[in-house]
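Below is one structure, written out as structure tokens; the observations come after it.
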Amino acid sequence: MPIPTGRHFLQIPGPTNVPDRVLRAMDMPTIDHRSSEFAQLTLEILKGLKQVFKTSADVVIYPASGTGAWEAALANTLSTGDKVLMFETGHFATLWQGIANDLGLEVEFVEGDWRRGVDPALVEARLSADKSHVIKAVMVVHNETSTGVTSRISEIRQAITNAGHPALFMVDVISSLGSIDYRHDEWGVDVTVGGSQKGLMLPPGLSFNAISTKALKASRSSNLPSSFWNWQPMIAANKAGYFPYTPATNLLYALRESLEMLLEEEGLNNVFARHRRHGEATRRAVRAWGLEILCLVPEEYSAALTAIMVPQGHDADQLRNVILERFNMSLGTGLSKVQGRVFRIGHLGDFNDLMLAGTLAGVEMGLAAAGIPFNKGGINAALDYLTKEA
Ligand SMILES: *Cc1c(COP(=O)(O)O)cnc(C)c1O
């Protein structure tokens, strides 16, 4: 096995590459989180975060991975035995459903084939049939990171509205925030669940809830126990720039830096366009190789990652291992139901054309080295597109 040289290519769909300037921003003495200097930092960050979620509502920050913010969304708003509607779009939707079960909710989990997003018509039909409004919440994963499929959140919102149903609407944007357009207020979402380690280009360790007025109201009558996750003390302390417990101080320095990059320097619309362009270039490479994209619905292609199927009789994890050993690049594994059947290319976060070119070169050389049948020319197809769509 060759000794790895040069920079490791971390092309999994999260955690993503952390820009050097974000790492440098963290390299600071820890400060007193009860000082006025710290309060200024918090207030500045909360203002920026609201712009990223596109909301004027409250956003709270947990020193936790995304899973914590999943639990927080449910524990703050719902009560034991409440019925909720969820959709099996992939591994992450399944994990969130597991948390709902653990918390004592009654989950209606609509089966899926992991190759398409949530069908808005199905949401409308299911909610229209629920005349007595037994369903208290609808949960959807915006960008299903295990499959590279994005659900159409604004259309799903419209479906809920068309059904005239009062259920809360909760959306996981852990792998879309800061890479795919998302609008908490405009799309009428009640709780949005975000994380730090994907589009926001930070190390793992922070997660978020954006909270509508309706969700905040629901939290006053929820009976699921919550203490660490409880929104009320968090929102109260945040008003003056403080936290009810010790925040992840140095990750907040990092967040200030990445918000500056996304909002002030590149601009969110350019960030989204960059991701769409890299997604399209990647898919052109996949088609030229003669391989199959897992996502079946073109309007649901993820701009953040692409999941690619290997031909029957071949093992995607063996391909990933060859690529890691030979080219020092990590690609995403196939999770649970698609293990060994797919590998995933992350093209989100701190990323550019030449990083994509290098990534695709590693895949094309890896396919040959792993003995997987494919057609040459994927890299050229991608580069032609990048050149044309400069
Ligand atoms: C990464 C991810 C999660 C899980 O977050 P953790 O930080 O691992 O707890 C949840 N949902 C989606 C869509 C993700 O991509």
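Remember, it's 1-based here, ligands and their atoms both numbered in the order they're listed. Positions are given from 1 along the sequence.
Short contacts between ligand 1 and S65, defined as distances under 4.0 Å to a heavy atom of the residue, involve ligand atoms 6 (P), 7 (O), 9 (O). Every atom of ligand 1 with a heavy atom of N143 under 4.0 Å away is listed here by number and element: 13 (C). Close contacts between ligand 1 and S175 involve ligand atoms 13 (C), 15 (O) [criterion: under 4.0 Å to a heavy atom]. Of all atoms in ligand 1, listed by their number and element, those nearer than 4.0 Å to a heavy atom of K198 are 1 (C), 2 (C), 3 (C), 14 (C), 15 (O). Close contacts between ligand 1 and V141 involve ligand atoms 13 (C) [criterion: under 4.0 Å to a heavy atom]. Near T145, with a cut-off below 4.0 Å to any heavy atom, the atoms of ligand 1 are 12 (C), 13 (C), 14 (C), 15 (O). Distances below 4.0 Å separate heavy atoms of G66 from the following atoms of ligand 1: 5 (O), 6 (P), 7 (O), 9 (O). Atoms of ligand 1 found under 4.0 Å from any heavy atom of I174 (numbered from 1 in listed order, with element): 1 (C), 2 (C), 3 (C), 10 (C), 11 (N), 12 (C), 14 (C).
Checking side-chain atoms of Q97 against main-chain N and O of T94 turns up a donor-acceptor pair under 3.5 Å. Although no hydrogens or angles enter the test, the distance criterion places a donor-acceptor pair under 3.5 Å between the side chain of S151 and the main chain of V118.
For the pair K198 and F92, the cation-pi criterion (under 6.0 Å, within 45° of the ring axis) is fulfilled.
Side-chain N/O atoms of S219 and N76 include no donor and acceptor closer than 3.5 Å. Between the side chains of T192 and N209, no donor-acceptor pair of N or O atoms lies under 3.5 Å.
For E144, the closest heavy-atom approach to ligand 1 does not fall below 4.0 Å. Judged by the shortest distance from any of its heavy atoms, Q197 lies inside the 4.0 Å radius around the atoms of ligand 1. By the 4.0 Å heavy-atom criterion, W96 is excluded from the residues contacting ligand 1.
Taking the six-membered ring for Trp and thresholds of 30 and 60 degrees, W96 and W70 have nearly parallel ring planes, at less than 30 degrees apart. Between W229 and Y62, the two ring planes are perpendicular [angle over 60°; tilted spans 30° to 60°].
Under 4.0 Å from ligand 1, heavy atoms of T67 appear from its side chain as well as its backbone.
Between F351 and H278, the ring center distance clears the sub-6.0 Å criterion.
To the nearest 0.5 Å, atoms CG (L46) and NZ (K239) are separated by 9.5 Å.
Protein heavy atom closest to atom 11 (N) of ligand 1, with residue, atom name and distance, is D172 OD2, 2.7 Å. Considering only non-hydrogen protein atoms, atom 4 (C) of ligand 1 sits nearest to F92 CE2, 3.9 Å.
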